[in-house]
Amino acid sequence: MNSEDERPVYDPAAVEAKWQDAWRKQKTNETDIAGAKNPFYALMMFPYPSAEGLHVGNLFAFTGNDVYARYHRQRGHDVFEPLGYDAFGIHSENHALKTGQHPAELIPNNIRNFRRQLESAGLMVDWSRSLSTTDPDYYKWTQWVFLQMMNRGLAYKKKGAVNWCPSDKTVLANEQVVGGVCERCGTPVEQRFLEQWFFRITDYAQRLLDNLETIDWSESTKTAQRNWIGASHGAEVDFAVDGHANAHIKVFTTRPDTIFGATYLVLAPEHPLVDEIMTSGEADSVTKYRERTAKQDLVTRKSSTGKTGVNTGATALNPATGKQIPIWVSDYVLMEYGTGAIMGVPGHDDRDFEFATQFGLPIVRVVAGEGQDASSALEAAYTENDSGRMVNSGKFDNLTVAEAKSRIVEWLAETGAAKAVINYRLHDWCVSRQRYWGPPIPVIYCDKCGVVQVPEKDLPVLLPHIDDFKPDDSGVSPLARHEEWYRVACPECGASARRETDVSDTFLDSAWYFLRYPSVGDDTRAFDPVLTKKWLPVDSYIGGNEHAVLHLLYSRFVTMVLHDEGLLDFEEPYTRFRAHGHIIREGAKMSKTKGNIVNPDEYITKWGADSFRTYLMFLGGYEEGGDFRDQGISGTRRFLDRLWASVDTVTREGAEQAPTSPEVMRKLHQTIRKVTEDIPKLGYNTAIAAMMEYMNVLRKGERTPQREEVAPLVPLVAPFAPHIAEELWEKLGNSGSVFDSAWPEFDADLAREDNIELVVQVNGKVRGKVTVPRDITQDEAFAVAQKDESVAKFVVGAPKKIIFVPGRLLNIVV
RNA sequence: GCGGAAGUGGCGGAACUGGUAGACGCGCCAGACUUAGGAUCUGGUGGGGUAACCCGUCCGGGUUCGAGUCCCGGCUUUCGCACCA
């Protein structure tokens with residue numbers, strides 16, 4: 001022990017090493033999954049283990065979840081805080097290609113580095129139940145999930161349009177195409193049609209929408225999902241093609257009220273009816289046009305200005321007017337949305353107006369706004385739909401748009417020409433990838449038996465270790481170059497058959513991982529029903545809002561399907577979801593190109609993990625994020641230094657014994673209340689501020705802090721600064737972990753102020769402050785206030801009105 | 001274009017259902033202890049004014065005894081989606 005005036009200094013490195021070691025040895029962070037009495041599943045979106053390692057953005061996110069998890073543990077829950085790695089996917093593959101390493105070697109190294117960094121940050125993660133999506137033990141069950149989709153008729157194969165970079169020889173996602181060229185190499189991107197596997201998520205569109213009402217998620221995330229699903233209420237209208245008895249063109253419209261103004265139809269270039277109906281005179285130009293659009297990349301096509309198109313020469317019957325209208329083909333109509341065909345209403349749709357003007361098609365007004373009538377000229381499309389009356393619409397003239405909408409659909413429905421439908425923006429989920437680094441899709445093609453599932457007993461279909469994993473020109477996966485791998489016996493008839501060589505989308509890996517954590521190690525099933533019932537759905541899910549749509553929607557979908565399959569007794573995976581904010585630095589989002597990435601290692605070394613964690617939670621609202629500044633960490637470190645010193649003072653031999661101060665105890669209980677209330681709301685920055693404020697009160701003046709004043713602060717800071725909390729908890733003479741101790745109780749009697757500062761306003765302006773008993777009445781308060789000079793000065797004559805807010809303010813209106 | 005979030009000191013940010021704007025922290029200023037201080041401690045710190053006071057939460061209106069907070073109109077930043085019929 002140190003001599004009399006030399007106090008043991010807070011040495012974060014020593015304290016953190018000691019406790020991380022102790023937690024490991026005593027298995028403090030391992031949850032009793034089977035025996036837990038009061039389970040609480042605190043889930044964090046798992047990271048992609050990049051070669052660059054963990055950056056402060058990741059750590060900010062994880063620490064926020066850790067604080068929440070530790071708090072719940074201190075409040076008596078059996079908390080399970082697992083963490084794994086989302087390690088498959090194009091990101092690792094591209095990095096591997098660039099650096100000339102094999103992803104199978106790269107990933108374990110990255111994971112090791114991540115794990116080291118995460119442990120140094122002191123997360124309460126149960127590492128005994130970690131996983132990586134690249135483990136055969138894991139992706140065996142990803143493949144099993146794929147088979148469940150097939151079993152329920154939700155997986156199918158179809159040709160789909162994709163962006164193809166002829167230089168990188170790979171399929172690109174839409175966001176990888178910038179201005180029509182590949183974002184990586186600048187080569188113009190082509191459109192290709194490839195056979196792809198899809199999941200019928202659109203069958204679940206309405207349920208995915210409706211269930212949003214039942215879950216506790218950030219409103220912004222729910223809104224993003226609603227927009228993504230994009231339900232449009234409208235009608236499907238049938239147009240008979242002249243001279244083709246069986247050819248009908250179905251169009252989707254949200255404006256069936258404008259059908260009298262439909263002067264032409266447009267089919268998407270890919271529409272299957274084009275070949276059948278085009279006249280021989282136009283066949284050449286139509287074919288050329290289709291070839292041209294087929295070459296164009298999807299992004300340019302969707303964003304180009306100006307309209308192009310060709311006439312098919314065929315006509316159709318407008319069921320409302322009985323008139324013949326021409327049928328055109330144009331790339332402004334997309335095959336993926338609605339029916340791939342539209343009715344052109346140039347009078348009331350901007351795009352149709354542009355098209356009709358360009359090609360000289362008739363423009364008819366069927367809605368007249370204020371001051372307009374049936375013959376008012378249209379200089380642009382009139383798209384207002386909440387006011388105005390119908391014109392040029394036969395017996396529907398003079399109705400409002402809303403009335404016309406339902407009446408016209410009813411009328412057309414009588415002859416079967418229309419029906420009301422809801423159309424979704426959501427597309428089916430394309431799950432196949434012509435790449436290497438993913439779980440092989442567990443399907444075998446047999447000439448005799450067709451598409452055959454790999455039997456469950458043969459799972460996993462192992463991803464073979466190949467060196468030529470670079471994608472090529474063929475539009476098929478690199479696995480398709482390995483006959484020794486894909487050539488197999490058909491599981492049904494034994495004949496020579498061929499494996500599917502595509503792998504599945506990374507989003508499938510992450511769509512079910514939360515089901516796996518409690519059952520890690522069980523190689524007989526994807527998830528144990530008893531453990532699943534105990535631990536799921538997830539109590540708290542935290543992650544980035546960049547996954548507001550895809551990941552969160554896909555995992556909801558997969559959960560619903562497994563529920564319908566009878567495998568889960570819930571259909572929503574995450575009871576509560578909160579999106580964390582993002583850390584920026586010098587006003588910009590951290591990125592490698594800006595060179596403002598912060599590696600947490602150096603900060604942890606310099607300041608200690610506890611100070612760093614506390615700083616990250618203090619620099620801004622957890623759901624808003626904040627600006628990272630090196631200098632700021634000194635503030636949280638000082639706070640922990642003072643906490644250390646205070647505990648040292650009260651635990652020293654011969655520490656001065658004195659009565660506690662009522663003011664300090666009052667502030668303590670107010671602090672306990674504040675921290676207890678703020679943490680569940682993720683108000684970490686204000687919780688820390690409250691503790692700092694208390695520390696300032698505690699150290700103010702001459703008196704020595706007392707044990708009862710200091711000790712409760714230790715469990716309060718524990719969620720933020722777990723190592724120092726354990727150390728101080730021990731110094732205070734306690735045994736066991738602070739995380740298995742009780743959270744401090746808030747005592748309302750002790751927290752209550754007897755005297756309050758009452759604000760006195762005159763005409764709404766603050767003129768004075770008086771200290772009065774808490775339960776003072778209006779009359780008493782007024783009497784006291786009048787004695788205040790600065791108030792009295794402004795009160796001339798009898799007040800007109802007095803507003804009294806008990807405990808807060810008195811406003812005298814003169 | 002559509003949709004979400006947000007604009008508060010030198011900076012990061014507080015402010016419950018309208019009720020003391022600027023908590024807490026950084027930085028800065030002054031002082032104490034020091035050979036020294038980038039350590040620690042104490043005090044100060046929105047702007048103007050000697051002061052009483054006045055002005056201040058993106059801008060312009062409004063409601064109210066009282067508006068950062070509510071309403072109307074506009075501007076800016078930022079993040080999604082985008083020829084979605």
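In what follows, chains are A, B, ... by sequence order, proteins preceding strands, each numbered from 1.
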> Which of parallel (below 30°), tilted (30 to 60°) and perpendicular (above 60°) describes Tyr382(A) and His348(A)?
Replying inline: perpendicular

> Distance between the C1' atoms of U42(B) and G48(B), in whole angstroms?
Replying inline: 29 Å

>> For the C1' atoms, the ones on G56(B) and on G49(B), what distance do you get once it is rounded to whole angstrom?
In response: 15 Å

Looking at [X], does any N or O in its side chain come under 4.0 Å of the phosphate oxygens OP1/OP2 on [N]?
X	N	result
Lys801(A)	U64(B)	no
Arg767(A)	C65(B)	no
Arg699(A)	C41(B)	yes
Asn227(A)	A82(B)	no
Arg638(A)	C26(B)	yes
Arg642(A)	C41(B)	yes
Asn685(A)	A14(B)	yes
Lys700(A)	G43(B)	yes
Thr686(A)	C24(B)	no

> Base, sugar-phosphate alone, or nothing: which one does Glu693(A) contact when heavy atoms must sit under 4.0 Å apart?
Replying inline: sugar-phosphate

>> Under 4.0 Å, counting only non-hydrogen atoms across every strand here, what does Gly626(A) touch: a base, just sugar-phosphate, or nothing?
In response: sugar-phosphate

Looking at [N], does its base get a donor-acceptor pair with the side chain of [X] below 3.5 Å?
X	N	answer
Arg351(A)	C84(B)	no
Gln761(A)	G19(B)	yes
Lys800(A)	C65(B)	no

>> Looking only at side-chain N and O atoms, does Asp428(A) offer a donor or acceptor that is under 3.5 Å from a partner on Thr202(A)?
In response: yes

> Strictly by modelled atom types, are Tyr694(A) and Gln670(A) linked by a side-chain donor-acceptor pair under 3.5 Å?
Replying inline: no

> Is the base of G80(B) syn or anti, if syn means a glycosidic angle within 90° of 0?
Replying inline: anti

> What do the steps show when you test Tyr603(A) against Phe628(A) for ring pair (Phe, Tyr, Trp, His ring centres under 6.0 Å), and what is the final call?
Replying inline: CA-CA 12 Å; Tyr603(A) 291 90; Phe628(A) 184 89; 5.4 Å; yes

>> I want to confirm an ordering. Mapping Gly620(A) and Gln631(A) to their closest nucleotides on RNA chain B, which one lands closer to the 5' end?
In response: Gly620(A)

> If you pin Gly764(A) and Trp228(A) to their nearest nucleotides in RNA chain B, which one's is more 5'?
Replying inline: Gly764(A)

> Which whole-number value in Å describes the distance from Lys765(A) NZ to C53(B) P?
Replying inline: 11 Å

>> Between Phe355(A) and Trp328(A), is the ring centroid distance below 6.0 Å?
In response: yes

